[in-house]
Every structure is written in structure tokens, then in C-alpha cells.
Amino acid sequence: MSNIVIKVENISKQYRLGKVGTGSLAHDLNRTWHRLRGKEDPYLKIGVMNDRSFKGGSEYVWALQDINFDVKRGEVLGIIGRNGAGKSTLLKILSRTTTPTTGQIKIRGRIASLLEVGTGFHPDLSGRENIFLNGAILGMTKTEIKNKFDEIVDFAGVERYIDTPVKRYSSGMYVRLAFGVAAHLEPEILIVDEVLAVGDAEFQKKAIGKMKDVSDKEGRTVLFVSHNIAAIHTLTNRCLYLQNGKFVQIGNTDEIITLYQHSGNPETGNLLRYVKDTLNENKPIELLSSNVEVSDKSVAVSVHYIVRREVGSVVSIKIVNLQGIPIITLRDTDKDAESFSKSPGKYAVMFTVPLTSLAPNIFKITFSFSDMKSERFDYMEDLLSFTINEQKSNINATAARDGILNPQADFVSATQII
Amino acid sequence: MEQPLEKEHWDQIIEPRSKLLDLNFKEIWNYRDLLVLFVKRDFSAAYKQTVLGPLWHFIQPIFTTAMFLFIFRKVANIPTDDIDPIPFYMSGITIWNYFSNCLTATSSTFISNAGIFGKVYFPRLVLPLSTVASNIVKFGIQFLLLLSVLIFYAIRNHHFYFGPSWLLIPVLVIMMAGLGLGLGIIISSLTTKYRDFNVLIGFAVTLLMYATPVAYPLSYLKKKGYGAWVSWNPLSPILEAFRYAVFGKGSIDINGLLYSGTFIIIVVFIGMVIFSKVERTFMDTV
């Protein structure tokens, strides 16, 4: 199993909450006292799960608890989880800026981290000086940086400003330069945390491309932490999902993302079905329940709603894919314009989208009830979601194929001309 | 702990607790380019957007010398061991400045570099070492000033001393560097969790200067019967030896220097132990 470059074994990290003062001094003394007698650290036992919304009894929390996983060579592993899940703590331990409380990590090769942009950039130094400084901080030697210098400047696109202090740079230029340096170092393992948030679309594309190159062509390993699900989706093939410092699942990116998004809407439970439990009697029109059914041929979305008084309303659904691109918006008035005026009662409407038109992806459905002028009676964004897997399309189109439409064999006709 | 198989080779294993002295000198050597760049950064960044630039290094000792000349010489009338007062004060200030700059700068290593340390790993010791190195540059500049003062007095007195004792100067500078570094990293390690020491260091250095023969000769204090008060101070023999080295006057206290040397080795060792312990987890407490 020499293919494994990172082996994480039982990693845990405990933090003490509250402030440093005489209390922590007392704890430190007690801890030293226990250690001198060869006993276990008394505060390791009382840690509690890291759930920030819940006021716990202990002032010690586990930011990470018993994490185990392996990363293979050349793999791009995404790490997802909500705020406070322990993603950054994990990366900090991996990049050796802090140590775990228990457990160990074995590593093959050099690790470079890009936890935040412009590590060690000095605002008063020029771009040129900072490239050298930053490169050296990240572990490059002077000759290595010299050889890569032109490439870095070119990648960052800041040639004109190279002798200007970086404090005069725009934030975008700053990030470009920082990412440029990091992307051109040649570590076996690159750690990237949320850097792509800044920078324009063109640069993000460039950065993602560079990271893909790094793993595909050069066989290096990338650990990528982001809240940007679309970026995770395009970049990674495997994903680690953490929740409140605990390991939830590791596996195929699509599966993990689905799992992650399921947990995002705890009130809906099943993403394919929604039933409203507490109704608001004041609303003239309100969603009661809805249901998605993905069959081999189509996606059927049924909507049940109640109308409490005479009202003019359009019932509509919007299907958006993971990347946030709207696929289609359908209205009940599309079929029958008369259905705009509604009298009190319970109604059902069914929208059916042929499956053949949708490329494999994860989709979210938004529901809206509105009079199309000023009033929006009920609106529920990204209420349901469903996945179309590769198997459901009739040709072997994978999610990696660009586009929102599903490619069909019928779309192509090829003949020999001569 | 499970024993890795023979064929399994790991370049690095991250574990919770370190050994007592967990210093990887080879790793520090691998990062020597970084050390040089930090020195360059300290130097060029400090004077960006200033008109006088490195000339500021001259101004501080000149004004301090003038102040000492007024207070200690004119007002208190303390003798300066047959040495012209201006070169006397300036020599003391030059070597003292090196020590105090090393100490104050390294004592804030963790706090002022928390930003970098929190994001990327490199041997932490590189930073205090680079501080000590970049202060050598400052020392060099101030030594040039001292040298020009010496030359000025040499022309005036038709006597210039330059002898084998000058060979002592680098040794004394290294001793000062060791002491500044050792004390500095101890304090910087302690301040990561408890900032109390940070407050202390500010005035402690100033007080320490008065307990060290910077503005007066040791012989004067001995004559007054307070010699014992200053002889515990490991800095005193170094300062006296520095004056001996530069002016060739007086005598050199070998025992005192041995005492200082031992003290420095102990301090540096303790500093390294504490530093290597703290550097691994300080991000959680800083």
C-alpha cells in the first residue's frame, strides 16, 4: 500500500473555551501535576462534542474526534462540512501549524499549505521580493524560485506591478500572486483552503485548472477545503465529510455532496418529499406538501396546496443545478391560463420534466406562489433536491461532461462523405 | 502504538507530544534561504517610506551618547576609566544596543508572527535566528559609527589603538547574541499564553541597562563598594571585555567571562527546550 501518501489515525484535537487567565493557569498546573505523577491528562476526559449552537457543560470541546482516513497519491480529496465541523483544524494539523491532542498522521512527501492567501507577504515589499520571501516560507530554495519566477509572474498576471509594494495591489492581484507562488511550488501534497473565494471568474478558472493539472498530470495530491460545492464537484473525485468534529463519511464526491446537502435541510428530512406540519392560517395560499419522483424516463414534481380565499396566483417551480444554473421554470398557468384565479379549496399540480433533457447532476427545486405582480404568497427556496446519476442517461455521459443538457445519441449523425 | 512495517517509509509523522529537545538542525539548515530572506525583509521593510533610511541607526546612539555625556559625566561626574567620555559611552551603547535589540525583538517572536505561524509550517527557530542576524547588520552600522568616532579621537590624540584584543570583539558579539536569543525565546515562549511577561520586558531591559556598566565603568562601582551588586550580572564582564577589546585599556576578567559563557549556554539550552515545546502548540493559545 505504498500508494497512500497520508494516513490519518485517530486524530483528535481538544480546545479549551473561554479566556486565558488565572483559571487556565490553575488547569495548567493541575495538568503538569498529573503528568509528573505519570497520570493521564484529567481534562481529556471531560471534552464534549463541538456543537456551537448548544451551550455545553464543559469548557473543553473536541474540535476533532477520532478521525481516520487515507489519501492516495494523485488524489484530489475534498473536505466539506459546515462551519465548525473541524475542516480547518484538520488542515492545521496536517500542515503542522498545530499538533493533535491524540493520534498520529503519517505523511509521504513534502506538504505545502495554502491556508489563506498571501502567507507572510509583507505589505511594504515589492511583488518581486514577496515572491522570494513567500516561496521560501513555503519551503522553496532560492534557486527553485528563480527558475519559476517568470512562470509565477505570468500566471499571476502582475508583470507591470512586480516592483510595486504589494500593499498597493488590488485584493485580486494579491491573491493571484499568492496563489501563483503556492501553485508553482512542487510539493507532493498541496493543501488549499478557501482561497478561490477571491479573484475574478477568469482567475478562479485558472486556479482550478492549475490544481487539476497538478493532480492529473504531475501525480500530486491535493487536499481541498471549500464551501463552494460547485468547485468541490468539478475538482475532486473523493470527499471527506465532517460534522461537529466527527467523521461522517468518505467516498465518491457525488454521494458525499448529496449526503451533505441532505443534512443541510434538517427540517425537510427526506429531500424527495416535503410535508408542511405547521400551517399559517393567515396565508391566502400555502404549500401543503410536495414530492419528487425520479423514474427512468422523467422527473415528476407534484405540488399540493391549499387556497383559503379567492386569489389570483401562479404556482411555479424552478429547478437549479448544483452550480446554481437555473435549468427550467415551470408554471401551472403554462397549460391553462384560467388556473390563475383560484377559489378556496385544496389543489394539486404535477410538473413532469423528461429525464432525457437533464445532464447528470444534483438539482434543487424552489417553489413559489405569487400573483406575478406584487404579492408573493409562499416561497420556499431549494426545498427539495434530487440527483440524476450517470446510469439514468442513455449514453455514457458522465458528470464530467460540460453542459446542462443531456447529450443524446440522436443529436449526432455522422456519415462518410467521400 | 503500532510499529510501521519495514517497507513502509514515512517522511514525516505528526504526533501529539515531542521529546524534551526536539530540534531538527538539518531542517533549519534546509531553510537557510528563508533565514537570509527574513534578514533582508527586516532590513528593507524597516526603512520603506523613510527619508533617512538606515541613517537612523546613527541617530539613536549619537543622541544617547549626548544624553549620557550630560547626565553621567557633567551632572553626576562619574569618571570613565581614562577613556575619552564620548568613545566610552558610544562603545557601551553599541554593544548594549545589540543585546537589547536581540532580546526585545526575539521576545515577541511568537506574538508578532502569529499570522505566518498560523498558516504555514517552517522551523520556527528560523525567525528568532534571523532577528539576531539582522541585528548584527544594525550592530555593524553602529560599529562603523563607533569606528569613525575612534578615528576622530585618534587623529586628535595622535594615538590609535589597534591590537590583538580586537579579535575578542566577534566572540563578545556572539555571546551577546546568545544571551539575547536565549532570554528572548524563553520570554516569547512564556508570552504565548500569559502576556504578563510582555509587559515586564519593556521596562526590564531599561532597568537592566543601569545594572550593567554601560554608562559607567565597573571600576567606579567597585571603588564605591557596590561591585558585588553588578558582578552577578552576566552582562557586566562582556561589556567590560568589549571596552578592553576596543581600547586596550584596563584588564580582562577571564573568570567573569567564563561565568557569562556558562550562563549563556544554560540560558540558550533552556530556551531551546521551552521553545521547541511551545512552537508545536502555541497557535492554540496565542
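The chains referred to below are lettered A, B, ... by the order of the sequence lines, with proteins before strands, and numbering in each begins at 1.
Chain B is approached within less than 4.5 Å, heavy atom to heavy atom, by A:Lys142 from residues 142-151 of chain A, ordered by number. Scanning residues 29-37 of chain B against chain A with a 4.5 Å heavy-atom cutoff picks out B:Tyr31, B:Asp33, B:Leu34, B:Leu37, ordered by number. Using non-hydrogen atoms only and a strict 4.5 Å limit, no part of residues 96-108 of chain B faces chain A.
With a threshold of 4.5 angstrom between heavy atoms, A:Tyr15 approaches chain B through side-chain atoms but not through N, CA, C or O. Contacts between B:Phe122 and chain A at a heavy-atom distance below 4.5 Å involve the side chain alone, from C-beta outward.
By the neighbour-count criterion of 12 heavy atoms within 6.0 Å, atom CZ of B:Phe63 is sparsely surrounded, having that number or fewer from other residues, nucleotides or ligands. By the 6.0 Å contact criterion, OH on A:Tyr161 is open, its count of non-hydrogen atoms from other residues, nucleotides or ligands being 12 or less.
Sorted by first and then second residue, the salt bridge (Lys or Arg N to Asp or Glu O under 4.0 Å) pairs with a member in residues 128-139 of chain A read A:Arg128-A:Asp163, A:Glu129-B:Lys48; sequence neighbours excluded.
Comment: B:Glu27 engages A:Arg96 in a salt bridge, judged by a side-chain N to carboxylate O separation of less than 4.0 angstrom.
Counting heavy-atom pairs closer than 4.5 Å to chain B, the top-ranked of the candidates A:Pro165, A:Gly135, A:Pro123, A:Gly109 is A:Gly109.
The CZ atom of B:Arg41 sits 7.0 Å away from atom CD1 of A:Ile137, with the distance rounded to the nearest 0.5 Å.
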